[in-house]
Amino acid sequence: MFPNPQALSQAALDHYVHSNTDLEKHRQTGSMLMVEGDGVRVKDAQGRSYIEGVAALWCAGLGFNEPRLADAAARQMRRLSYYHNFAAKSADVPVALAERLAEMAPGDLNRVMFATSGSEANDTAVKLAWYYHNALGQPAKKKIIARRQAYHGVTVASGSMTQLAAINGGFDLPIDRFIHTDCPHFWRFAEPGESEVDYATRLADSLERLILAEGPDTIAAMIAEPMMGVGGVLFPPETYFPKVQAVLRKYDILLIADEVICGFGRLGTMFGSTYFGVTPDIMTLGKQITSAAFPLSAILMTDRVFDVIAAESGRRGTFGHGYTYAGHPVGAAVAMEVLDIYQERDILSHVRRMGRVLHDRLAALADHPLVGEVRGDGLVAAVQLVDEKSARRFFDPAQCVAKAVATHLQENGVILRVLSNDSIAIAPPLIIGEHDLTLLLDRLESSLNWAARNLGRM
């Protein structure tokens, strides 16, 4: 069916443009081609097997070859392989999925739209916020607040909410209308002696000062991941979200919860908003909604937001938004099967059990000479590498310490992901068992020790 691995490797050099890759360096290093998956493992074209310790891109919650998802997709393809949702038409299964998501979501997030990626979902959320305020006769309310070090995607709007140099650089992002407030990383940014509660109060006060400086009548929404994923697996300080949401409500600013990573069990709850007690006006979902077996994302909004949007569409004669593949029936069928599996296998309880294994073991790494902080909950964590522990000083980026650790790990059969500032993310498929999780952690510790010896720290 495919050319041999050598031919494909050459094709990757000659034709295939990789994402988040040094494309010039790729000309020398070539590609790593994956050809099979089995549970939490993937196999490359040379036959080497790896534990995929970040569920690929935080998304393959049920692993890499769940047969029930293949069966669900095949059944739907035979029954109705595609239909759109324009002009009040739809396939039946995305309607059933919308109802199910509304029943699961916190608060009154009862209205559901679909897209095909997290970036697209967050882009749509921005458009909804603009449309909503226009409908209320508040056309100046256009600015979107995100947080420093945030990641919300790579489209023009979602990339403008992202605030990472590697994503924004060279693309003229952010564009106008997008501004950023403080990153809520207590370990890094709290003042000496400051408690989490006091730090949260300071961040909320800083947000309010930003809003007043920009003008409350110019700000449409704030977007925030409950737990910042790509930004470093950063959990907000205690009382952060209630205080932030109080500020937003004071100035009639919508809260968009980006649940693309947190949603569907990663923290041991179905949604990160539930974990932190957040009640968003708009919520975006993706990744584990189909366990990455089919491109699908969702945008949920409250009845209050929808009613305003619906009334405006009535005045205009249409709601002029839509994607060709939004609410794709095959993707919706896969998502319905995924939700069935999460429920039948009690995935949330499993995540909490394996999370205890993960975090008990990581806590023991806090004294490692290269580790400044370990953080996380459920089946997500980050190990923060530092050059000097007491000063919380990062390594010189040119040393590529975390990348060296990740490369050593990969050579020993474990794939983890390096985030900014030399932090290493761990977010395995939700189905991982204790044996594989322990093996992953054993090899992580071994690679950290290897790096420490090379740096003369052990």
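All values reported here derive from a predicted model rather than from experimental measurement.
- Between V418 and A402, the shortest heavy-atom distance links the atoms CG2-O, 3.5 Å.
- Contact between Q149 and G231 at its shortest, heavy atoms only, is NE2-O, 2.6 Å.
- A salt bridge is absent between R266 and E225: the closest approach of a Lys/Arg side-chain nitrogen to an acidic carboxylate oxygen does not fall below 4.0 angstrom.
- Looking at heavy atoms from C-beta onward, F171 lies out of side-chain contact with V154 at the 4.5 angstrom threshold.
- To the nearest 0.5 Å, atom CD1 of residue I432 and atom CZ of residue R41 are 8.0 Å apart.
- Classification of D346 and R352 as a salt-bridged pair fails, no side-chain N sitting under 4.0 Å from a carboxylate O.
- With a 4.5 Å cut-off on side-chain heavy atoms, L419 and Y151 do not count as touching.
- With 3.5 Å as the limit, one finds a donor-acceptor pair spanning the side chains of Y251 and E208.
- Of all heavy-atom pairs between Q288 and G61, the closest is OE1-CA, 3.6 Å.
- Panel note: side chain E52, backbone P429; no donor-acceptor pair is recorded below 3.5 Å.
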Next item on the list: Using the side chain to side chain contact (heavy atoms under 4.5 Å, CB included) rule, take Y323 and T116 through it: C-alpha gap first, then chi angles, then the decisive distance, then the call.
Entry: CA-CA 9 Å; Y323 303 113; T116 58; 6.0 Å; no
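- Distance check, rounded to the nearest 0.5 Å: OG of S160 to CD1 of I179 gives 12.5 Å.
- Side-chain atoms of E373 and H185 form a donor-acceptor pair, as typed in the model, at a separation below 3.5 Å.
- W187 and F394 have tilted rings, their planes meeting at an angle from 30° to 60° on a 0 to 90° scale.
- Enclosure of atom CD in Q343 is not indicated, since only 12 or fewer non-hydrogen atoms of other residues, nucleotides or ligands lie within 6.0 angstrom.
- Using a 4.5 Å heavy-atom threshold, the side chains of L267 and F276 count as touching.
- Between the R457 side chain and the D387 main chain, a donor and an acceptor come within less than 3.5 Å of each other.
- Between K287 and F264 there is no side-chain heavy-atom pair separated by less than 4.5 Å.
- The closest side-chain heavy-atom distance from E120 to T284 is not below 4.5 Å.
- Closest heavy-atom contact between I211 and L248: CD1-CD2, 4.3 Å.
- Neither side chain, T218 nor E214, offers a donor N or O lying under 3.5 Å from an acceptor on the other.
- Counting heavy atoms from C-beta on, the side chains of F189 and L203 never come closer than 4.5 Å.
- For the pair L296/L97, a side-chain contact is recorded, criterion being any heavy-atom separation below 4.5 Å from C-beta on.
- We find the CG-OG1 distance between D108 and T279 to be 9.0 Å, quoted to the nearest 0.5 Å.
- Between the CD atom of Q384 and the CG atom of L234 there is a distance of 8.5 Å, given to the nearest 0.5 Å.
- Closest approach of P226 to F241, counting heavy atoms only: O-CE1, 3.5 Å.
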Notebook entry, point to check: What's the verdict on side chain to side chain contact (heavy atoms under 4.5 Å, CB included) for R361 and V357, showing C-alpha distance, side-chain angles and the deciding distance?
Noted result: CA-CA 6 Å; R361 179 69 179 277; V357 173; 5.7 Å; no
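- Using modelled atom types, one finds no donor on one side chain facing an acceptor on the other under 3.5 Å when comparing K25 with T29.
- Residues L62 and I341 have side chains in contact (heavy-atom distance under 4.5 Å, counting atoms from C-beta outward).
- Contact between M228 and P184 at its shortest, heavy atoms only, is SD-CD, 3.6 Å.
- Other residues, nucleotides and ligands contribute over 12 non-hydrogen atoms within 6.0 Å of the NZ atom of K142.
- Enclosure of atom CG in D396 by more than 12 non-hydrogen atoms of other residues, nucleotides or ligands within 6.0 angstrom is indicated.
- Heavy-atom neighbours of D176 CG from other residues, nucleotides or ligands within 6.0 Å: at or below the threshold of 12.
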Next item on the list: Take V278 and M283 through the side chain to side chain contact (heavy atoms under 4.5 Å, CB included) test and state the conclusion after the steps.
Entry: CA-CA 10 Å; V278 183; M283 184 167 75; over 6 Å; no
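- Going from atom CG of L109 over to atom CE of M104 covers 12.5 Å, rounded to the nearest 0.5 Å.
- In this structure, R356 does not pair ionically with D360, as no charged nitrogen and carboxylate oxygen lie closer than 4.0 Å.
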Next item on the list: Go through the steps to decide whether H26 and L13 satisfy the test side chain to side chain contact (heavy atoms under 4.5 Å, CB included), and finish with yes or no.
Entry: CA-CA 7 Å; H26 176 246; L13 288 171; 3.8 Å; yes
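- Note that CD1 of I347 and CE of M270 are 9.5 Å apart. Values are rounded to the nearest 0.5 Å.
- Remark: D258 does not engage R147 in a salt bridge, criterion side-chain N to carboxylate O under 4.0 Å.
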